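For the numbers below, each heavy atom of this structure counts, side chains included, while hydrogens, waters and symmetry mates do not. Each chain gets a letter, A, B and so on, in the order the sequences are listed, and its residues count up from 1. Quantities reported herein were computed from a predicted structural model and do not represent experimental measurements.
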Amino acid sequence: MPAGSGGVVEWAGGTYFGRRTQEPDAEMQSALAPDGEVRCGIGPALEPRRFTSMGARLFDLNPVQQQAVLHDEGPILILAGAGTGKTRVITTRIVRLLYDGIDPSAILGVTFTNKAANEMRERLLTMFDPEQARKVTLCTFHSLCVRILRQGIDLLGYKKNFTIFDEGETMGLIKRIITRTAAQDEKLEPNVARSMISKAKNSSWNPQVDTKTLLGAVYARYESELKTLNAVDFDDLLILAVRLLREFPEKREQMQERYQHLLVDEFQDTNLLQLELMTLLAGKRSNVCAVGDDDQSIYGWRGAEVTNILEFESHFPGARVLKLEQNYRSTDAVLQTANAIIKGNVRRRAKQLWSDQGKGERVRVVEMPDDRKESSFVCEEIHHLHQTKQTPLEDFAVLFRTNAQSRGFEEECRRLKLPYRIIGGISFFERREVKDFLAYLQAVANPSDDIHLLRALQVPARGVGQTTVQRALNESIQREVGVIEVFEDLAFRSNCTKRTAGALEMFTDCIRRFEGLFHQPMADLGKLTRELLDESGFFEELRRSCKTEEEADNRERNVRDLIGDLEKYTLKKKGDLAKFLDDISLGDRDTDDTQGNGVTLITLHAAKGLEFPQVYLVGVEEGILPHDRSKMEGSLDEERRLLYVGITRAMKMLTISYCQGRVRYGSAMPCQPSSFLKELPDDHIERTDFHEIRNRQMAPEDVDAGFANFKAFLSGLEG
DNA sequence: AATCGTCTGCTTTTT
DNA sequence: GCAGACGATT
């Protein structure tokens with residue numbers, strides 16, 4: 001059926017026009033009867049079994065959502081404003097395809113985070129026969145690419161057991177290259193180099209690798225060293241997968257045959273390569289269902305291309321475009337505030353969020369004297385609401401632009417004994433013990449993985465120093481063999497000190513022995529891992545290197561948790577060690593997300609996709625939101641979207657605060673309210689300040705105390 | 001190999 | 001003002 005034709009669809013003998021937008025009438029209602037048989041469009045219908053029928057599911061959706069679900073073939077863009085039931089639509093659409101009798105393994109749903117992919121899978125399993133639903137591919141862009149590459153990367157001259165470098169490993173390599181490449185007087189920030197290289201790699205335009213500049217030389221060297229290490233970074237996963245599909249028609253056709261229906265979540269966050277990957281996979285059929293919201297595009301700085309969504313129709317000609325604007329999350333006051341902010345952006349697909357949940361409480365905009373008052377006010381109010389109204393602490397979230405801002409709130413929570421959780425910051429996988437642990441597993445899984453082997457070699461320190469390692473590396477490059485083979489070479493060892501030679505022998509023997517054990521078919525991987533870590537002195541080192549008992553326990557628990565994950569993983573037959581490591585390298589971990597206990601402290605970026613009944617959006621000051629740097633980079637529109645994302649997280653109550661002064665970079669500085677705040681609609685907001693709010697809530701004697709505090713602060717500022 | 005002192009730089013970070 | 005990195009010490 002041609003795209004966008006709003007084709008006629010049969011429902012239990014009745015006729016349903018996919019394009020209609022009005023409420024279901026009586027005729028339709030009977031056609032959509034909850035237990036009715038379902039037959040629509042595309043494939044041979046399946047008999048619905050114990051799951052809610054498709055008809056009933058459709059009945060729960062609003063008219064536009066229904067159209068999104070019922071759209072047949074050809075490209076469709078679903079512009080899903082914040083809180084408009086996007087995930088629901090996407091999962092229901094998959095269910096609908098399944099009901100149509102589409103082969104589950106021909107359906108591919110792509111997301112950006114493992115969390116999103118896993119949540120979608122969970123949801124799908126409750127909606128359709130799990131045995132079938134499980135066969136639907138739901139994964140991240142990166143894990144999709146790994147799947148593609150594990151099968152065909154040899155065509156591009158890599159070995160199939162390539163290693164995936166994470167951010168840290170990438171950085172390490174770049175740093176080493178810079179020190180080796182740069183002349184005495186040359187300087188290059190590894191951070192800068194990394195992001196430039198990543199930009200160059202991602203933006204398909206090949207910036208004529210100019211090896212005359214230091215950056216160019218580092219870039220060229222980085223690429224060639226990755227290749228010799230048989231390693232790929234996160235960018236390469238996309239680049240190589242796209243190259244494979246572009247350059248090898250048989251691969252492309254094979255994939256196009258396999259995946260007949262593509263669904264992409266958070267489309268506004270896709271970059272050029274991700275778009276290209278999708279067009280390559282979609283092929284002529286062009287069955288692409290993209291879901292996203294240009295107003296929530298906040299990852300431009302990471303290469304996301306808003307134009308992918310703004311110009312969707314030019315990438316997928318004939319695309320149908322639907323707008324979801326009915327919001328099921330927030331009150332009208334919140335939504336009007338959000339609408340008012342976002343309409344200041346020019347390049348966007350205009351949307352007006354609305355809800356039928358009533359006006360709700362007005363949005364408070366509070367002026368605070370300084371950042372300390374801000375955090376104490378917010379935390380005390382949360383405390384107060386929790387005590388007097390029994391509002392669960394999980395209902396509250398404090399949203400801020402930069403991680404540094406979390407600190408004051410953290411301290412304040414501690415002072416008040418409010419449980420809290422911080423989202424973001426250093427990720428689990430960046431923890432040293434986790435990386436060391438994974439290095440061991442990777443070394444055992446693939447001893448020719450030099451980088452991880454060398455990392456394992458250093459934990460614990462074995463008396464094999466820089467010079468030995470460097471010598472081994474040189475030799476391994478020269479002889480074109482893995483470092484482990486150099487270590488095992490008696491001639492090489494005879495050139496080391498006795499101590500070093502012994503250590504090398506012990507280490508390589510250990511790795512080799514466990515390599516064999518791990519590859520036995522019925523191996524108990526958990527048990528083996530514990531033996532490996534005991535024998536190698538890993539656990540001992542882990543405890544030894546901690547200052548406090550508590551820290552040691554924490555770190556050991558992290559590692560033991562991961563071993564538990566590995567056990568579960570193999571028990572559930574999800575795959576072998578190599579597959580487990582792939583998943584983990586891409587951050588996919590079966591987290592039993594112990595339902596968040598406490599107040600949530602979170603950055604605006606990390607808050608996207610979440611919702612909270614009570615939201616405090618703090619530090620909304622010129623220079624912070626919008627951030628100073630964004631003005632130089634000309635990304636004010638993205639800052640505005642960031643604010644929009646923050647506002648639309650709130651379900652019932654939203655408080656926006658800014659300070660007259662705050663401590664930044666160590667010294668007290670005056671602040672202006674964010675220029676965005678001028679755009680707020682007066683009829684839905686209430687402007688107030690710290691003192692007014694205090695006077696309203698506090699007993700008089702407390703007010704005096706508060707005032708005394710304030711004076712104390714002022715004198716502190718002057719001193 | 002560990003430790004101490006000095007220097008720097010300071011947004012966000014799905015993979 | 002503080003954390004993290006790096007180089008010079010022992």
Interatomic distance at [atom1], [N] relative to [M], whole Å:
| N | M | atom1 | result |
| --- | --- | --- | --- |
| B/dT12 | C/dA5 | P | 15 Å |
| B/dT13 | C/dC2 | P | 22 Å |
| B/dT14 | C/dA3 | C1' | 26 Å |

Residues A/Q268, A/E266; criterion side-chain hydrogen bond (donor to acceptor under 3.5 Å, both in side chains); working and verdict | CA-CA 5 Å; A/Q268 76 282 355; A/E266 305 281 16; 2.7 Å; yes

Atom [atom1] of [X] and atom [atom2] of [N]: how far apart are they, to the nearest Å?
| X | N | atom1 | atom2 | result |
| --- | --- | --- | --- | --- |
| A/D235 | B/dT15 | CG | P | 14 Å |
| A/E266 | B/dT15 | CD | C1' | 14 Å |
| A/D582 | B/dT15 | CG | P | 15 Å |
| A/N271 | B/dT14 | CG | P | 15 Å |
| A/F141 | B/dT14 | CZ | C1' | 11 Å |

Hits for ring-ring contact (aromatic ring centres under 6.0 Å, His included) against A/F676, two or more places apart or cross-chain, chain-then-number order -> none

Just checking A/D269: base, sugar-phosphate only, or nothing, at a heavy-atom cut-off of under 4.0 Å?
-> base

Please write out each protein N/O paired with an N/O of nucleotides 5-10 of chain C under 3.5 Å, distance rounded to 0.1 Å.
none

Does any donor atom in the side chain of [X] or [Y] lie under 3.5 Å from an acceptor atom in the other side chain?
| X | Y | value |
| --- | --- | --- |
| A/Q442 | A/D449 | no |
| A/D233 | A/T170 | no |
| A/D588 | A/N118 | yes |
| A/R194 | A/N191 | no |
| A/E622 | A/S675 | yes |

Indicate the ring-plane relationship of A/F267 and A/F312, choosing parallel, tilted or perpendicular according to the 30° and 60° boundaries.
-> perpendicular

Reading 5' to 3' through nucleotides 4-13 of chain B, protein heavy-atom contacts under 4.0 Å coded B for base, S for sugar-phosphate only, - for none = -----SBBBB

Cationic tip of A/R150 within the cone over A/F162's six-membered ring, i.e. under 6.0 Å and within 45° of the normal?
-> yes

Syn/anti state for B/dT11 [syn: chi within 90° of 0] | syn

